[in-house]
Engineer: 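Got a structure for you, questions after.
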Amino acid sequence: MCEHYVARASEPFRLDELWSFTDRLERYGIAGFGWGAAWLTAEGRLASYRDLRAFRDDPGHEALGATETTAALVHLRRPSKLSTLGMADTQPFDDPAGRFSFSHNGDLRKIQTWRARYRREGRIHGRADTEVGARWLEDAWPATPDPGRLLTTLHETFGGQANLSVLTADGSACAYAGNTENPVFSFRLGRIGIASTGIYSIDRSVFRFVAPAAKERRLVRIGATVTLDRNGEVAQAS
């Protein structure tokens, strides 16, 4: 299973300020089958990066670490089906219209009818369930979105064990907790607010092994979405 997190702060930070945390999240979360990141640029657009190697094995993460942003999403992959390994299924998924980047941890179960529809439309390129959720989110995204509510509705539509994260072009960073096997926590690492999955341990071991310096630690209840505000604080929990 995968691990992922969103991060946000009031002032720009380098992505590599989170690389030690990312390395431990991958290692203790038993990921390592590809990774990716999305971030908000200084021009107010979303940019992204993906690689099929583990974060720790990809030399590209060193140069990427110099990138400055105020909001980011990072996904570390460990697919339920190793037959889905490939760039087409490496996360996060970028909205073609540039409105958001999306990632998922767990499984989306009721996807077959939707997959068949999106395949007919020429919009399916990989084999994993997350792409189906991404296509649904593209169509459901309204002119004035409520990302938290959209993630809840996405999980209600497809079911399964699903933690979901989204980073929007206005910098909103949201995390939905819907996987009872992998809790989601919000906390702060210095000046950066984080909402992250918890290494598939039904306790708070993420703070022992991955983020021992974390402050303001909170468990996100199942079925709830947290949104990080401009300061990286939990602005909304719904």
Engineer: Taking the side chain as every heavy atom from C-beta outward, state whether Thr227 and Val234 have any pair of such atoms under 4.5 Å apart.
Structural biologist: no

Engineer: Are the side chains of Thr41 and Leu46 in touch, meaning some heavy atoms are under 4.5 Å apart?
Structural biologist: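 Sidechains of Leu46 and Thr41: no contact.
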
Engineer: Checking Asp139 now: which residues fulfil salt bridge (charged side-chain N to carboxylate O under 4.0 Å, His left out) with it, not counting sequence neighbours?
Structural biologist: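 Scan of Asp139 (salt bridge (charged side-chain N to carboxylate O under 4.0 Å, His left out), adjacent residues dropped) gives Arg117, Arg123.
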
Engineer: According to the interplanar angle, ranging from 0 to 90°, do the rings of Tyr49 and Trp35 count as parallel (below 30°), tilted (30 to 60°) or perpendicular (above 60°)?
Structural biologist: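 Tyr49 and Trp35: tilted rings.
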
Engineer: Which label fits Phe209 and Tyr28: parallel for a plane angle under 30°, tilted from 30 to 60°, or perpendicular past 60°?
Structural biologist: tilted

Engineer: If you define the side chain from C-beta out and look only at heavy atoms, does anything of Tyr5 sit under 4.5 Å from Leu73?
Structural biologist: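 No; the side chains remain at least 4.5 Å from each other.
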
Engineer: Will you find, in the side chains of Thr197 and Asn163, an N or O donor that is under 3.5 Å from an N or O acceptor?
Structural biologist: no

Engineer: With a 6.0 Å cut-off on ring centres, are Tyr118 and Trp136 close enough?
Structural biologist: no

Engineer: Would His75 and His104 satisfy side-chain contact (heavy atoms from CB on, under 4.5 Å), going step by step from the backbone distance to the final call?
Structural biologist: CA-CA 8 Å; His75 183 272; His104 161 235; 5.8 Å; no

Engineer: Which residue, Leu76, Ile199, Val210, forms the side chain to side chain contact (heavy atoms under 4.5 Å, CB included) with Glu26?
Structural biologist: Leu76

Engineer: With a 4.5 Å cut-off on side-chain heavy atoms, are Trp114 and Leu108 touching?
Structural biologist: no

Engineer: Distance to the ring centre below 6.0 angstrom and angle to the axis at most 45 degrees; does that hold for Arg217 and Phe207?
Structural biologist: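 Verdict for Phe207: a cation-pi partner in Arg217.
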
Engineer: Using a 4.5 Å cut-off on heavy atoms from C-beta on, say whether the side chain of Cys174 contacts that of Leu151.
Structural biologist: yes

Engineer: Does any donor atom in the side chain of Gln91 or Thr130 lie under 3.5 Å from an acceptor atom in the other side chain?
Structural biologist: yes

Engineer: Any side-chain donor paired with an acceptor under 3.5 Å for Glu3 and Asn182?
Structural biologist: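 There is such a pair between these side chains.
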
Engineer: Does Asp58 have any salt bridge (charged side-chain N to carboxylate O under 4.0 Å, His left out) partners at least two apart in sequence or in another chain, and if so, which?
Structural biologist: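 Testing Asp58 for salt bridge (charged side-chain N to carboxylate O under 4.0 Å, His left out), a comparison that skips the adjacent residues, returns Arg53.
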
Engineer: Applying side-chain hydrogen bond (donor to acceptor under 3.5 Å, both in side chains), which residue pairs with at least one partner in residues 63-72 are found, sequence neighbours left out?
Structural biologist: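 Residue pairs passing side-chain hydrogen bond (donor to acceptor under 3.5 Å, both in side chains), neighbours aside: none found.
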
Engineer: Do you see a donor-acceptor pair shorter than 3.5 Å between the side chains of Thr22 and Arg24?
Structural biologist: no

Engineer: Do Phe187 and Ser196 come close enough that some side-chain heavy atom pair is under 4.5 Å?
Structural biologist: yes

Engineer: For Arg77 and Thr84, which I'm curious about, is there any donor-acceptor pair between the side chains at under 3.5 Å?
Structural biologist: yes

Engineer: Just do the salt bridge (Lys or Arg N to Asp or Glu O under 4.0 Å) check on Asp94 and Arg50 with the steps written out, would you?
Structural biologist: CA-CA 11 Å; Asp94 295 331; Arg50 281 167 290 278; 3.2 Å; yes

